[in-house]
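Notes to accompany the following structure.
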Number of protein chains: 2
Amino acid sequence: MSSRAATRVFQGIEEEIATGLLKDGEKLDEATLAERFDVSRTPVREALLQLVGSGLATQIPKRGCFVRSPSFREVIEMFEVMSELEGLCARLAARRISEAQLKRLKQANAGCEDAIAQGDSDLYYANNVQFHECIYEACGNTFLADETRRLRRRLQSFRRLQLRVRGRMPQSLDEHHLIIDAIESGLAEKADELSRTHVMIQGERFNDLLMHMEQAH
Amino acid sequence: MSSRAATRVFQGIEEEIATGLLKDGEKLDEATLAERFDVSRTPVREALLQLVGSGLATQIPKRGCFVRSPSFREVIEMFEVMSELEGLCARLAARRISEAQLKRLKQANAGCEDAIAQGDSDLYYANNVQFHECIYEACGNTFLADETRRLRRRLQSFRRLQLRVRGRMPQSLDEHHLIIDAIESGLAEKADELSRTHVMIQGERFNDLLMHMEQAH
DNA sequence: GGTGAAATTATCGTATACAAAAATAAGATG
DNA sequence: CATCTTATTTTTGTATACGATAATTTCACC
């Protein structure tokens, strides 16, 4: 955790948006937030600026900031882009990965297997992050890796829910194995294709999940 | 022009970085900038935050902000991502473009032809922007379009130089024609492939340009 | 003369104060 | 009673003031 109040507020608001405490369209009142986080308006304003920068809020001049949860359509659009970026990472990784990186990639996946054996979805989540992180590093394009992480972060809250969807974890693991094989064999196009569908399936699962949640209502 | 001082300062610094007045690694001193733009430190700090957010500066806690021009390697990396995004835009556009959008796409390209006939590189640049803008709109993915524009904007200063490279404009136009044909025929994969190479050639040309500039020294 | 510690200085990060603009409420007029 | 105008209030955007931390300088000691 950073010692800066501004980042504390930023992460705080970010989390409240993710957990649904702050809903879409809700006004982010500077004075109220300042009081709630027990700081002055200055760090709150800095946090709001960063929120706008990362797309979680919109700012209307002289009218204030408002929560901007992406619409259903927008989430699908983000998954469409995410699948492309992940695909590119995998394609490049297939050409550029080192032995050490490949080893770590396999270790991360082994961690995923253990998590499934233990039925621990949080542990799976952590190892899954590692798995993808290995590919990002192996792609040899720092800018691409950063951009992909950024988008992954934005999709995080939607992604985490998906793992709870029945039967997703074992299927995800199967896909990981195929991706590793393709990368290890240097089959760039195959690794790309597999990764793209790996992500797009998550997008579709998100769709299923929404349907399910709407039915529950 | 915005009425906000913060955005004025942001755009001002942005331009000074683009024109080379502020060089890589140079310190962005809050007090100095405040005096130069005739505002207080508050809007300067907001501008710096935005600069950091858009990757033009880095911030070291308790030590201040510094200009962060992308390295040669990073520019190449950005082109690598850009080519992928442009490719995705074209692939989706091939599936989703409307008649009206296709018409505007052809008009933009006709504008490019005129510009070449007149030998006007600025006019070519303007119509070229229109050409790509049409594809962004036609891809039917607002998020993708926004992200691609964002990256295009960051590469702008490097891109503009390239058109001056000998023989680039006519070649670029040929590529446009092929892309239009692929999109019109609904050949998604072909449109993707053509667009990707279209951008990557620019990356390579940027490479050539750098070599040339280094020789001139 | 060189090295290390303490004092000084500078700058960042935050709080508060003020000004300007917009939203809201109140009142007058038809 | 509705509507337009005007006054009040709320809130944003900017300036200034202050405290804390890191960089720098000074000075003692080896």
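Naming: A, B, ... by sequence-line order, numbering from 1 per chain.
Relative to the side chain of Ala6(B), the nucleotides dT14(C), dT14(D), dG13(C) differ in distance, and dT14(D) lies closest. Among dC12(C), dA15(C), dT14(D), the nucleotide with an atom closest to any side-chain atom of Arg41(B) is dC12(C). Checked against dG13(C), dT16(C), dA15(D), the side chain of Ser40(A) finds its nearest nucleotide in dT16(C). Nearest nucleotide to the side chain of Val39(A), out of dA15(D), dT12(D), dA15(C): dA15(C). Closest contact between the side chain of Thr42(B) and the listed nucleotides dT16(D), dA21(C), dC12(C) involves dT16(D).
Listed for the Ser54(B) side chain is no donor-acceptor partner under 3.5 Å among the backbone atoms of Leu56(B). Asp192(A) places no side-chain N or O within 3.5 Å of a backbone atom of Arg91(A) that could act as its donor or acceptor partner. Arg96(A) contributes a side-chain N or O that, together with a main-chain N or O of Cys139(A), makes up a donor-acceptor pair within less than 3.5 Å.
Atom CZ of Phe37(A) and atom C1' of dT14(C) are 16 Å apart (whole Å). Summarising the geometry, the separation between CD1 on Ile60(B) and C1' on dT21(D) is reported as 15 Å, rounded to the nearest angstrom. Put simply, CZ on Phe10(B) is 16 Å from P on dG13(D), counting in whole angstrom units. One interatomic measurement links the two molecules: CD of Gln59(A) to P of dT11(D), which rounds to 16 Å at whole-angstrom precision. A straight line from CZ of Arg4(B) to C1' of dA15(D) spans 15 Å, rounded to a whole angstrom. Rounded to whole Å, the distance from CG on Asp29(A) to C1' on dT12(D) is 10 Å. Glu35(B) places its CD atom 16 Å from the C1' atom of dA10(C), with the value rounded to the nearest Å. Atom CZ in Phe66(B) sits roughly 11 Å away from atom C1' in dC12(C) (whole-Å rounding).
The phosphate of dT11(C) (OP1 or OP2) has no side-chain N or O of Arg63(B) nearer than 4.0 angstrom. For Lys27(A), a side-chain nitrogen or oxygen approaches OP1 or OP2 of dT12(D) to under 4.0 Å.
When the nearest nucleotides of DNA chain C are assigned to Lys62(A) and Asp38(A) by heavy-atom distance, the more 5′-ward of the two goes with Asp38(A).
Within the 4.0 angstrom heavy-atom criterion, base atoms lie near Arg45(A). Ala31(B) comes within 4.0 angstrom of no nucleic acid atom, judged by non-hydrogen atoms across all strands.
Between the CG atom of Asn141(A) and the CG atom of Leu92(A) there is a distance of 6.5 Å, given to the nearest 0.5 Å.
Within the 4.5 Å cutoff, no side-chain heavy atoms of Glu86(B) are placed close to those of Gln202(B).
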